[in-house]
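A quick write-up on the structure given underneath.
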Amino acid sequence: MREILVAGNWKMNGSTAANAALISGIVSGVPEGSGFRLLVCPPLPYLAPVAEQLTGSNVALGAQNVSEHEAGAFTGETAASMLKDLGCEYVIVGHSERRAMYGETSAIVAAKFQAAQAAGLKPILCVGETLAERESGTTEKVINEQLDAVLESAGIDAFASAVIAYEPVWAIGTGMTATPEQAEDVHRHIRARLAKRNADLASRVQILYGGSMKGENAAGLLSMPDIDGGLIGGASLKASDFLAIAKAAART
Ligand code: PEP
């Protein structure tokens, strides 16, 4: 049985005061139940104070980005070992905003994935197609390219300590959510692609859905057999919205 992971990607939002209120709302409202886990990914400058506030809670900490390099003259970058040092357990790699706005190719994403794992972090590998790609029938081709870049460089065994997030680009921040069936089709495809290399491992990999997930649509998405949680943007910025998704996870 795969655990459900509900992960909040705060993106470039927050402040010391707003984060403290958000974390205290989340921590005090974690629903009863087992089989699910909550994770927050604040902006880099707030990782240390959020880590401190999470101490003793069962909410995990992650980062939104990491350098593919280990250390050295890379001004403005953050090494995976530093994120680990600050208490991160997870790091998002290959988010579509980074691929589209910061020129991150699948090769760079694969290098970040490996750098994260080398430091003991669990990468959350984001894959997903644009609307034009979906409409031209190339969704699976796009997903394959993004996934294979990591499979070929890191190997299938690396997915034993990684998470995948299927995030259709057209659903991110747009209010347009994939239907549970649309999402499940892609999740099933991803798992089948991993299974070609190692069926047992593929059956254990968590595959999250991301794209305008909220309290109202979470239960339907999470009820699908290959959807193991959510990567949440907008709805992770308000404790009650995030907890509504956590409650759906706790009931699943
Ligand atoms: C995201 O950025 O990963 C995301 C899914 O955002 P939103 O929930 O706002 O669509």
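For clarity, every value in this text was computed on a predicted model and none was experimentally measured. Atoms considered below: every heavy atom in the structure, side chains included; atoms not considered: hydrogens, waters and symmetry mates. Ligands are counted one by one from 1 in listed order, and the atoms in each one are counted from 1 as well.
Remark: the Glu184 side chain and the Tyr166 side chain contain no N/O donor-acceptor pair separated by less than 3.5 Å. With 3.5 Å as the limit, one finds a donor-acceptor pair spanning the side chains of Glu145 and Ser106. Side chain to side chain, Glu129 and Trp170 meet the donor-acceptor criterion of an N or O pair below 3.5 Å.
Within a 6.0 Å sphere centred on CD of Glu52, heavy atoms belonging to other residues, nucleotides or ligands number 12 at most.
Distance check: Met101 CE to His95 NE2 gives 8.5 Å after rounding to the nearest 0.5 Å.
Under a hydrophobic clustering in which Ile, Leu, Val, Met, Phe, Trp and Tyr are joined whenever their side-chain heavy atoms come within less than 4.5 Å, directly or via other members, Leu231 and Leu221 fall into different clusters.
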Could you give the N/O to N/O pairs under 3.5 Å linking ligand 1 and the protein, each with its distance?
{"residue": "ligand 1", "atom": "2 (O)", "partner": "Lys11", "partner atom": "NZ", "Å": "2.5"}
{"residue": "ligand 1", "atom": "2 (O)", "partner": "His95", "partner atom": "NE2", "Å": "2.8"}
{"residue": "ligand 1", "atom": "3 (O)", "partner": "His95", "partner atom": "NE2", "Å": "2.9"}
{"residue": "ligand 1", "atom": "3 (O)", "partner": "Glu167", "partner atom": "OE1", "Å": "3.1"}
{"residue": "ligand 1", "atom": "3 (O)", "partner": "Glu167", "partner atom": "OE2", "Å": "2.7"}
{"residue": "ligand 1", "atom": "6 (O)", "partner": "Gly233", "partner atom": "N", "Å": "3.4"}
{"residue": "ligand 1", "atom": "8 (O)", "partner": "Ser212", "partner atom": "N", "Å": "3.4"}
{"residue": "ligand 1", "atom": "8 (O)", "partner": "Gly233", "partner atom": "N", "Å": "2.8"}
{"residue": "ligand 1", "atom": "9 (O)", "partner": "Gly234", "partner atom": "N", "Å": "2.8"}
{"residue": "ligand 1", "atom": "10 (O)", "partner": "Gly173", "partner atom": "N", "Å": "2.6"}
{"residue": "ligand 1", "atom": "10 (O)", "partner": "Ser212", "partner atom": "N", "Å": "2.7"}

